Amino acid sequence: MTTHYIDLSLLPDPEFSPTLLHSALFSKLHRVLVQLGTGEIGVSFPGLNPQKTHLGDTLRLHGPQPALERLQALPWLQGMRDHVLAGNVVPVPVGAAHRVVRRVQVHSSPDRLRRRQMRRHGYDEAEAQRRIPDGAARRLDLPYLNLQSSSTAQAFRLFFEHGPVQTVPSPGRFSAYGLSPLTTVPWF
């Protein structure tokens, strides 16, 4: 149950953009959530500006008090201390709303889709091009962070969608990104 939270606020830095700092912070969070492996900690972005697809300057971590305290006892923020102000573990305000924060994936690269078609179905390059033209690329108008896969070292965009505000929480587990298609986090 997500009864507590911690706010991690990005500090202004003349050398690094907020987007770069957010991506670095989120990468570190992902690694420590994989290490913990409990699925107890969720994330949200309370400064979200949906019109500008901007996540704001705060990453909020949600979870039970013991899970958040275990997380903060680890040295996972090492190297980010000059760029992030970490709040204390505090209770969620009474009467807070709830919402799902989930990952949205889109298969947007026609080249990648063509290679997959060629590999899986044995199409030659011309047939794959005919089946998947360049115009097949889909774009998302959602906020995202640029991350790098620790397993493949490939760069990718992690898109976030904050679902509609709900009055009733939906309990469950979170992914190693702190996201879930069904589990809610408090929203305030």
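Fair warning: this is a prediction, and the values are worked out from it, not measured in the lab.
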Side chains of Phe174 and His62, heavy atoms from C-beta outward: is any pair under 4.5 Å? no
Are side-chain N/O atoms of His98 and Ser170 paired as donor and acceptor at under 3.5 Å? no
For residues Leu59 and Val43, determine if any side-chain heavy atom of one lies less than 4.5 Å from a side-chain heavy atom of the other. yes
Side-chain contact, heavy-atom cut-off 4.5 Å: Tyr5 with Val90? yes
The side chain to side chain contact (heavy atoms under 4.5 Å, CB included) partner of Phe160 among Val104, Leu142, Leu179 is Leu179
Side chains of Pro46 and Thr58: closer than 4.5 Å at any heavy-atom pair? yes
Point-to-point distance, once rounded to the nearest 0.5 Å, from CG of Leu33 to OG1 of Thr38: 7.5 Å
Decide whether Leu85 and Leu61 are clustered together by the hydrophobic rule: side chain heavy atoms of Ile, Leu, Val, Met, Phe, Trp, Tyr closer than 4.5 Å, transitively. no
How far does CG of Asp124 sit from CD of Gln129, to the nearest 0.5 angstrom? 11.0 Å
Considering non-hydrogen atoms only, spot the tightest contact between Ala86 and Leu8 and give its length. CB-CD2, 3.5 Å
With hydrophobic residues grouped by side-chain heavy-atom distances under 4.5 Å, do Trp187 and Val100 end up in a single group? no
Considering only heavy atoms from C-beta outward, does the side chain of Glu127 approach that of Arg130 to under 4.5 Å? yes
Does Arg60 make a cation-pi contact with Phe188 (under 6.0 Å, within 45 degrees of the axis)? yes
Roughly how far, to the nearest 0.5 Å, is the OH atom of Tyr123 from the CZ atom of Arg131? 3.0 Å
Nearest heavy-atom neighbours spanning Met80 and Ala24: SD-CB, 4.0 Å
If you take all heavy atoms of Phe156 and Arg103, which pair is closest and at what distance? CE1-NH2, 3.7 Å
Which residues pass the salt bridge (charged side-chain N to carboxylate O under 4.0 Å, His left out) test with Arg70, sequence neighbours left out? Glu40
Is there a side-chain contact between Arg157 and Asn146, using heavy atoms and a 4.5 Å cut-off? yes
Between Leu74 and Leu77, is there shared hydrophobic-cluster membership here, with clusters defined by ILVMFWY side-chain heavy atoms closer than 4.5 Å? yes
Side-chain contact test, heavy atoms from C-beta onward, threshold under 4.5 Å: evaluate it for Glu125 versus Arg114 and give yes or no. no
Ring pair (Phe, Tyr, Trp, His ring centres under 6.0 Å) assessment of His22 paired with Phe45: CA-CA 11 Å; His22 233 319; Phe45 301 89; 5.5 Å; yes
Is Thr183 reaching over with its side chain to a backbone N or O of Arg173, donor-acceptor style, under 3.5 angstrom? yes
Between Leu48 and Leu158, is there shared hydrophobic-cluster membership here, with clusters defined by ILVMFWY side-chain heavy atoms closer than 4.5 Å? yes
Could you report the tightest heavy-atom contact between Val34 and Ala176, atom names first, then the distance? CG2-CB, 3.6 Å
Shortest non-hydrogen separation from Leu11 to Leu21 and the atoms involved: O-CD1, 3.9 Å
Does some side-chain heavy atom of Val92 sit less than 4.5 Å from a side-chain heavy atom of Thr3? no
Specify whether His30 and Tyr177 have parallel, tilted or perpendicular ring planes, treating 30° as the upper limit for parallel and 60° as the lower limit for perpendicular. parallel
Show the nearest heavy-atom pair for residues Ser27 and Leu147, with the distance to one decimal. OG-CD2, 3.2 Å
